[in-house]
Amino acid sequence: MISARAVELRAGARLLLEAVTFQVSPGDKIGLVGRNGAGKTTLARVLASAALPAAGQVTTGGSVGYLPQDTMAVELDALVLDRILSARGLDSLLVALREAELQMAEADPVRRDAGVRRYGRLEERLAVLGGYAAESEAASLAASLGLPQRVLRQPLRTLSGGQRRRVELARILFSDADTLLLDEPTNHLDADSVSWLRDHLRAFRGGLIVISHDTGLLDTVVNKVFHLDADRSALDVYNLRWQAYLEQRETDARRRRRERMNAERQAAALQSQADKMRAKATKARAAQNMAKRAERLLAGVTADRAAERVAKLRFPVPAHCGKTPLSAQRLSKSYGSLEVFTDVDVAVDRAARVVVLGLNGAGKTTLLRLLAGLEAPDTGEILAGHGLRLGYYAQEHETLDGARTVLENMRSAAPDLAEGELRSILGSFLFGGDDIAKPVRVLSGGEKTRLALALLVVSGANVLLLDEPTNNLDPASRAEILAALRTYAGAIVLVTHDEGAVDALGPERVVLLPDGVEDAWSEDLADLVALA
């Protein structure tokens, strides 16, 4: 259980949430919604004890499992299975067992016998904790989230960003926490994994708060909705399922508009009468009282809900380049003994539209990182054509400098632009006022997405490498990005699970991984997008 009393949230000087009190009990399946920047991720961090509120108190009863939007920084040499098992503290026990196994194989009989005794004690303790059954449970969870058995024995560093995200989700679900706080849990999941997760969360008996733009998940799972209203700095609690909430929210909005119109009409009449009475000295006090009544009327109702602002994304005309600005020959990449792909050829012509498809772990992100020059291939070479200017959007936002502010990141990307112009561009991406002075590390996933896209706008790139660019975005912002993809005059290489993004791209070519087959796009491949 989680209890919040008079909790206030702020982002710098800006008030996000004012003195809200609520409780999350077992069986509550809460969808936390609100426009980008309203404070959903901030509230989740506070409820998970990962941050402190500006005022008020949060208390928890029982354990809490928290999945943040961005993959947590963990020991990348740890094995995938150990990372999942660490949610119940079993990882250190398994490491000790492996050490004991090595000791049992030593030539020194004293060391060997000590290893046998140590292994026996550890195995007994593991059995008491249900360790072997736990390994099977962890493997089953991982498989349901698209992580095959072979991945479990790999170090985390060999996994793509999407796979690491799945590992963290599997870890939280394995933890047996009493309350789950999940921030965009369907990011990087294929269609089968999303379907499994919906069923799993629907059957979960504890408390749940989920932040998601996946309306299918919200419609299937939640039985309550917390709407964070950025205009009123308020949290509206609806004890309703998703579709009923949508209808009730519109009803509430209409009621507030009627109340506002009536109050404005009455206040205008009182103010008009007060203005007439002020001309007579004997009625000055009465006029003042009428004016105060008009003010109280307006203060007692909420303002009309402002139209939600949407980032304005328009790519400039790309820099001139040759016929084939980017190509690669015979690319191979392995991580230790894990071979990702071998002998992949890619040719990106001017204004080309290329989509990269493959199952999770097939090397889609790795290929984009090689093309972007962020990693070196084991074999093969990347060829930059005449006039190449690359822009790379990373799904984990690793191209952003978390220690620098929003404005400093923009200044680094476009040192020749005047600060006023940088501020104007940031404003079109909904970064205004104190927001541009925020360190990037404190931004929500949606805010990081907007900033990364703003950096692409000022890059002047003629080839864009885009890795899951629609993650973390509300429907309106997603639509803006898809419109920009349709009109961009440069070349695009796209990795995505979003079928709408592929439709907007209108691809001409496809690269299928891990085999590296490059071919003409066919609509027959469209069904593979959500599954890849």
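We use all heavy atoms of the structure for the numbers below, so side chains are in, but hydrogens, waters and symmetry mates are not. Position 1 is the first residue of the sequence; numbering continues from there.
The closest side-chain donor-acceptor pair between Asp378 and Ser332, if any, does not fall under 3.5 angstrom. Between the side chains of His497 and Glu468, a donor-acceptor pair is found at a separation under 3.5 Å.
Pro514 approaches Val344 most closely through the heavy-atom pair O-CG2, 4.5 Å.
A side-chain hydrogen bond (donor to acceptor under 3.5 Å, both in side chains) with Thr470 is found for one member of Asn187, Thr449, Asp498 and no other, namely Asp498. Here the options are Val356, Val354, Val502, the test is side-chain contact (heavy atoms from CB on, under 4.5 Å), and the partner is Pro507; only Val502 passes.
Put simply, the side chain of Ser193 never gets that close to the backbone of Leu189: no donor and acceptor are under 3.5 Å apart. For the pair Arg164 (side chain) and Leu156 (backbone), a donor-acceptor distance under 3.5 Å is present. The backbone N or O of Leu201 lies less than 3.5 Å from a partner atom in the side chain of Lys29, making a donor-acceptor pair. Gln103 places a side-chain N or O within donor-acceptor distance of the main-chain N or O of Arg111, the cut-off being under 3.5 Å.
Thr186 places a side-chain heavy atom less than 4.5 Å from the side chain of Leu197. You'll find the side chain of Leu400 reaches within 4.5 Å of the side chain of Leu455, heavy atoms only.
Remark: Arg249 is not positioned above the aromatic ring of Tyr238, lacking an NZ or CZ atom under 6.0 angstrom from the ring centre and at most 45 degrees off the axis. Cation-pi contact between Lys333 and Tyr335: present, with separation from the ring centre below 6.0 Å and deviation from the ring axis of at most 45°. Taking the centre and axis of the six-membered ring of Phe174, the NZ or CZ atom of Arg88 falls inside the cone set by 45° and 6.0 Å.
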Using the rule given for salt bridge (charged side-chain N to carboxylate O under 4.0 Å, His left out), can you reason through Arg83 versus Glu168, listing the C-alpha separation, both sets of side-chain angles and the distance that settles it, and then say yes or no?
CA-CA 8 Å; Arg83 177 61 186 165; Glu168 291 305 304; 2.9 Å; yes
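With sequence neighbours excluded, the residues satisfying ring pair (Phe, Tyr, Trp, His ring centres under 6.0 Å) with Trp242 are Tyr245. Every residue meeting the side-chain contact (heavy atoms from CB on, under 4.5 Å) condition with Asp183, not counting sequence neighbours, appears here in chain and number order: Thr41, Gln69, Ile211.
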Under 3.5 Å donor-acceptor pairs involving side-chain atoms of residues 139-155, not counting sequence neighbours:
residue	atom	partner	partner atom	Å
Ser144	OG	Ser140	O	3.0
Ser144	OG	Trp196	NE1	3.4
Gln154	NE2	Thr158	OG1	3.0

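Dense packing is recorded around CZ of Arg478, with more than 12 heavy atoms of other residues, nucleotides or ligands lying under 6.0 Å away.
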